[in-house]
Structures are given as structure tokens and as C-alpha cells.
Amino acid sequence: MASSSVEVVLGRGKAGEVALFDLDTSGTAVSTSAVAVDALPAAVAAREADGDVRWIWSDTPTWYAPLLSAGVRVRRAWDLRLVHAILRDAASVQEDQGLRGQTSWDAAAGASDDLDTLFALDDGVGPPEGADAALAEYRRQRSAIAAAAAGTAGSLRLLAAAESAGALIGAELHAAGLPWSVEAHARLLDEQLGARTPGGLPSRIEDAASAVRSALDDPGVSLDSQPKLLRALHRAGILVESTSRWELSQHDHPAVAPLIAYKKLMRLYTANGWAWMDEWVRDGRFRPVYVPAGVVTGRWASSGGGALQIPRQLRTAVCADPGWTLVTADVAQLEPRVLAAMARDTALAAAASGRDLYAGVVEAGALATRAEAKMAMLGAMYGATTGESGRLVPRLRRTFPRAMGLVDEAARIGEDGGRVSTWLGRTSPAAGEAWRTLQSRASGTDASGSDESHARRAARDRGRFTRNFIVQGTAAEWALAWLGDLRTRLSALAPVDVADAAPRSGPAFARSPHLAFFLHDEIVVHTPLAYAEAVADAVRTSAASAGRLLFGEFPIDFPLDLKVGRTAEKE
DNA sequence: TCTAAGTGCGCG
DNA sequence: AAAGCGCGCACTTAGA
């Protein structure tokens, strides 16, 4: 990438110091300097004020969390650990680039929670890599990308930049937090769960439990123990094989409704009840720990707080500060759109253009109803073979052969033990040793029928994984591009007068419009009211820009469901 | 008393 | 009891 930014490698230096290497365009260090650990935020801030710098560091949680704590934000980074993982596994990268052998760069990044201060660096906590090792690894990564298979270097560079931007955003999202009203949350808990009783369950859970026990005529039965509950259900003549809601709801018995209610309330109580609120909401902010690229496909994971599982009913608690508002946006049918573009399937792209994709699929005559179209499309991307979904997929295959051919081919490669890659070049993991053994045993002359069926099932499982990998992974890349572009646009909006409309808490950058939440294909921006329209424009513009960045002029659009409002509720 | 595995359910 | 991908978390039971 012909970048105009200056590159600076930052790493551990002599005791108590951080070393900084300024690089020229060839990746050679042209000047070195050192700063005391506690002077680092000021030094970084000064360089950022000077101009566009790309900070090359071992890993973002370790270096960026302390900077954010000190009120310093950076524009660009290169996360050596995340990029290492991409290049190490990428099919387009050559074998002999020094990235394949197990090294310290393969270790997981440290938990950001313990590293909010630079003392952690001083104490020898954090990555072992000094600045020299970081520079050496960066040079390996640069040359590996430069030597990558024909036509793939640009994509890998883009992926590395997007991944690193994502790492910055993950740290910033944690620092800023999602504005959360404990009042609204507590109101919802009171309404749903009833009064809290000391040493016991909330009243409405207790009520539901009593109703179940009397309907089962089993006064002491435990509802939290699956085996005991199952036996009690059988004794009452409810012949289920599991205690899942889906199966229970198929039965007509007076115990069913209260049991389902019990499970629902209990879930809210244990997963997002008062204890969760006490632990995870501070100063009006929910601050989950995001783990960028925590999923093999490149999707983000989260750790603690269940950030990726906030129940929709709790959306009422997501509430902007006074004088501020929320811009909430999600992409409609991101994965099939990405699939259409990857496959260069103009028929599917046309069906998606400017409207609900599933409605377009119906109009194209592939399927009769929107519900069927959705079922079939999900089935195609997940690998459904049976049931209604599996039955409908062939209809889609006839109408959109290119798109369906791409996922079918990805599945075939996976079943054969091969690897597949996303649009930008993230490659799926190789088949494991156990998987290979299973397959070779099944193809031997002395293979039993059981060997064969086991191997067949494992192959199918793997095929469904690789089938979905290319779509889920490319969708994650699109989302990174969207986030990265949006972050830049938001930071260009001027900070507001702090006295006029200050957020209740958070870092300095949170005094102007900023990202507050991200979940696969959805973002929430917290913004002063005056900027709401500018933010909405930025959100839409960055979505269009992400589409072009990945897919060029291929005619695919990414329409957003966008809402501006005090709460983040969606219809 | 600890860990691992099973079950179920929340999210995309 | 899912079918059909990817996760994290709470709770229980089995096993060491």
C-alpha cells in the first residue's frame, strides 16, 4: 500500500524504557529513540499531532489500553500478533517466510483488563517482544506479503490494515462503553421478575416454579437439574427427549407454559439480572471486553459480560446521555450480499439491489414467499440438507448458479480435507490430525461400516464449516472496512463544547461522536444531538465505501436499517 | 474441591 | 429436538 503515513515501531527497550524506531518506506529503521515508560503517552500524542503515523506494535490491548487510559488516541496501527496469525495461515503466503514455525508471536494477547496502566509494561507483564523483535517480525510480514501469490498482496495488506484498525476500535469500544441506564434495566427486572426476596428467587420466578410443580404434582422437583426435570416430566406423561423450549412447546400439558416461563425468567435473572448489572455497568456504561478476530472466521468474540448476547428485550436499557442520542444501524442481509459479490453473481446482486434481498429473490421467481427465500438462503450458506430448508435450496441453485456454486465448491473442498479462503485472504484452518486419521481409516480395505459412516459425517461437518467460512469471514471483512472507515469519519467531526453536553463518563475521544457498540453487522454510535444527521450520513457513506473497497465496481449495495433515537431499540 | 463435559439459550 | 454456521455463559453432573 502506497501509504503516506510515517511508520514507527514501538516496543520494549531498556529497563523502564520504550524504544521507538522510525522506518523509511523500505521498512528500514532510520532513526531510533527511547522514552521512559511513563512518558510514552505524551510522546505518542506529540507524534500524532505532527502527522499521520502508523504504530507498529506487538499487540494492541497491551499498548493501546494504557494510551487510552492516559487520554491518547492513535489513528493507525499494525498489530503484529493479529497479522502474524493471518499470514501464518494464509494459503496465498509462501511457506518459507519464517512465519510458519511456532514462535512467541503465536501466543494469545494478554487480557487487556490487567493492562490499563503502563506499569504493566514496566513490571515485565505483557509481550516479551522488544522493539528489535517487533521490527524483525514486521519485516518478515512485509516481505511475506510482497512475495504472496500473484494478485493477493494488495488484499492481504488491506486485510492487515483492517484487522489492525479493528483492534484499535475494540480497545476504544471498551474504553467508551455503551451508555446504559441502570434505571431502565432495573425497571425491566422489577416488571419481569417481580420483587427480590432475600436468600430466595424473585417472586415471579418463584410463582412460575410453584405452578410447574403443582401441574406436575411433584412438590419438590428441581427445575434446574436437566435429568431430574426430565424424569419428572416423564412421570407426568410428557414424553419429551429433552427439556428444551422447542420440544416442550410441542406438548399440550398444564406444566408446559409455566415451565417455559420459568426458564425464560430464570435466564434473564442469571444472565442479565441485578448481579450482572452490578458487575458490568459502571458510571452508566456497559464495558464488554471485545476480542477482535477471536473467531476463526475473523469475526470478533467477546469475553465477559456476554457482549454478544445482550437479549433484545434489554435494548430498552441502552440509552443516550442527556443532550446526546444514538445512531443504530445494521446491514440488511449482509452475508448473502457478500456472497453475491464474491461469486460475481449479477443475478443475485440484482435481486438484492436497493431492497430487501429476500423480496428480490421472490421477485426473481426462485421461491414463493419471503420466508421461504430466507430459509433457503440460510440453508445454502449453512449447508442444510434436510428439512424445509434443505428442500428449498435446490430452487435457489437453479436461479443463482454462480453464488450457489461458490458455497458448494467451498463445501466440497472442506469435505476433501482442503482449506478455503475469504475474499481478502484469511484461510480456514487445516484439517486436524484426528480428522485425517478418521478419513484414512475409513478409506482402508479393512474399514468397517461404522468407520465409514463416522468419517462421512465428519467430512460433511467440515464441509459445512468451510462452506460457511468464506461467507461469514468475508462478511467480517466487510464489517471491519465499514467500522474502520466510519471511525475515521467520526473523528473528523469536531468535539462539542464539553460544558454544553458532556457524557457522564469515558475517555476524551468520547466527547465527540464515537462508536459505542459493534456486533457482527450492527453498530451503535453515541453522539451529541447536533451531530446526529452528520453521523447518520457518515454511517451510510462508510457502508458504501466498504463495499467499494472490497468489491470495486461490482454492483452490490449494502442497505442499512438505520435509526436515530435516545434508545437503541429496534422494531 | 477441582475440572471437564453435557445441556440449554442468548446473540449474529 | 433440531434441521444448518459461528460464538459465550450459567448451571448441573460425572469423574478425578
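The aromatic rings of A:Trp482 and A:Trp478 are tilted relative to each other, their planes meeting at an angle between 30° and 60°.
Annotation: B:dG12 and C:dG4 have their P atoms spaced 22 Å apart (nearest Å). Spacing of C1' atoms, C:dA1 relative to B:dG6, comes out at 16 Å, to the nearest Å.
Summarising the geometry, the separation between CG on A:Asn272 and P on C:dC11 is reported as 12 Å, rounded to the nearest angstrom. Whole-Å rounding puts the A:Trp280 CH2 to C:dA10 C1' distance at 14 Å. Put simply, CH2 on A:Trp276 is 19 Å from C1' on C:dC11, counting in whole angstrom units. Rounded to an integer number of Å, the gap from CZ of A:Arg457 to P of C:dG4 is 11 Å. For the pair A:His251 NE2 and C:dA1 P, the computed distance is 12 Å after rounding to whole Å. The nearest whole Å value for the distance from the CD atom in A:Glu279 to the P atom in C:dC9 is 10 Å. Taking atom CZ of residue A:Arg460 and atom C1' of nucleotide C:dA3, one finds them 15 Å apart after rounding to whole Å. Summarising the geometry, the separation between CG on A:Leu229 and C1' on C:dA10 is reported as 16 Å, rounded to the nearest angstrom.
Considering only side-chain N and O atoms, A:Ser225 lies under 4.0 angstrom from the phosphate OP1 or OP2 of C:dT13.
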For residues 374-396 of chain A, dump all side-chain donor-acceptor pairs below 3.5 Å to protein atoms at least two apart in sequence or in another chain.
| residue | atom | partner | partner atom | Å |
| --- | --- | --- | --- | --- |
| A:Ser389 | OG | A:Met375 | O | 3.0 |
| A:Arg395 | NE | A:Ala366 | O | 3.3 |
| A:Arg395 | NH2 | A:Ala366 | O | 3.0 |

With a 3.5 Å cut-off and sequence neighbours excluded, list the donor-acceptor pairs that the side chains of residues 409-420 of chain A form with protein atoms.
| residue | atom | partner | partner atom | Å |
| --- | --- | --- | --- | --- |
| A:Glu409 | OE1 | A:Arg412 | NE | 3.1 |
| A:Glu409 | OE2 | A:Arg412 | NH2 | 2.9 |
| A:Arg412 | NH1 | A:Asp416 | OD2 | 2.8 |
| A:Arg419 | NH1 | A:Asp89 | O | 3.1 |

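Residues A:Asp106 and A:Arg81 are not paired through a salt bridge, judged by the lack of any N-O separation under 4.0 Å between the basic side chain and the carboxylate. Salt bridge A:Asp557/A:Arg337: present, at least one basic N to carboxylate O contact under 4.0 Å.
Five base pairs at each end of the helix from B:dT1-C:dA16 to B:dG12-C:dC5 define two local axes, and these are offset by 0° (rounded to 10°).
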(request) Start with the C-alpha gap between A:Ser92 and A:Leu156, add the side-chain angles, then the distance that decides, and say whether side-chain contact (heavy atoms from CB on, under 4.5 Å) holds. (result) CA-CA 9 Å; A:Ser92 57; A:Leu156 288 174; 3.6 Å; yes
(message) Between A:Thr422 and A:Ile470, does the side-chain contact (heavy atoms from CB on, under 4.5 Å) criterion hold? Intermediate values first, please.
(response) CA-CA 5 Å; A:Thr422 61; A:Ile470 59 167; 5.6 Å; no
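Comparing C:dC5, C:dA1, C:dC7 by their nearest atom to the side chain of A:Phe465 picks out C:dC5.
Each of A:Gly305 and A:Ala384 has a nearest nucleotide on DNA chain C; the 5'-most of these lies closest to A:Ala384.
Each ring pair (Phe, Tyr, Trp, His ring centres under 6.0 Å) pair with one or both residues in residues 405-439 of chain A, not counting sequence neighbours, appears once here: A:Trp423-A:Phe551. For the ring pair (Phe, Tyr, Trp, His ring centres under 6.0 Å) condition, the pairs that include at least one residue of residues 182-209 of chain A, sequence neighbours left out, are A:Trp180-A:His185, A:His185-A:Trp276.
Contact record, A:Pro336 with A:Leu357: CB-CD1, 3.8 Å, taken as the closest heavy-atom pair.
Counting any heavy atom pair closer than 4.0 Å across all strands shown, A:Gly304 reaches sugar-phosphate atoms only and no base atom. Within 4.0 Å of A:Met377, counting heavy atoms only, lies no atom of the nucleic acid at all. Counting non-hydrogen atoms under 4.0 angstrom, A:Gly383 reaches the backbone sugars and phosphates but no base. Among the heavy atoms of the strands lying under 4.0 Å from A:Thr386 are primed sugar atoms or P, OP1, OP2 only; no base atom is included.
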(request) Go along nucleotides 3-12 of chain B 5' to 3' and tag each nucleotide: B for a protein heavy atom under 4.0 Å from its base, S when only backbone or sugar atoms are that close, - otherwise. (result) ----SBBBBB
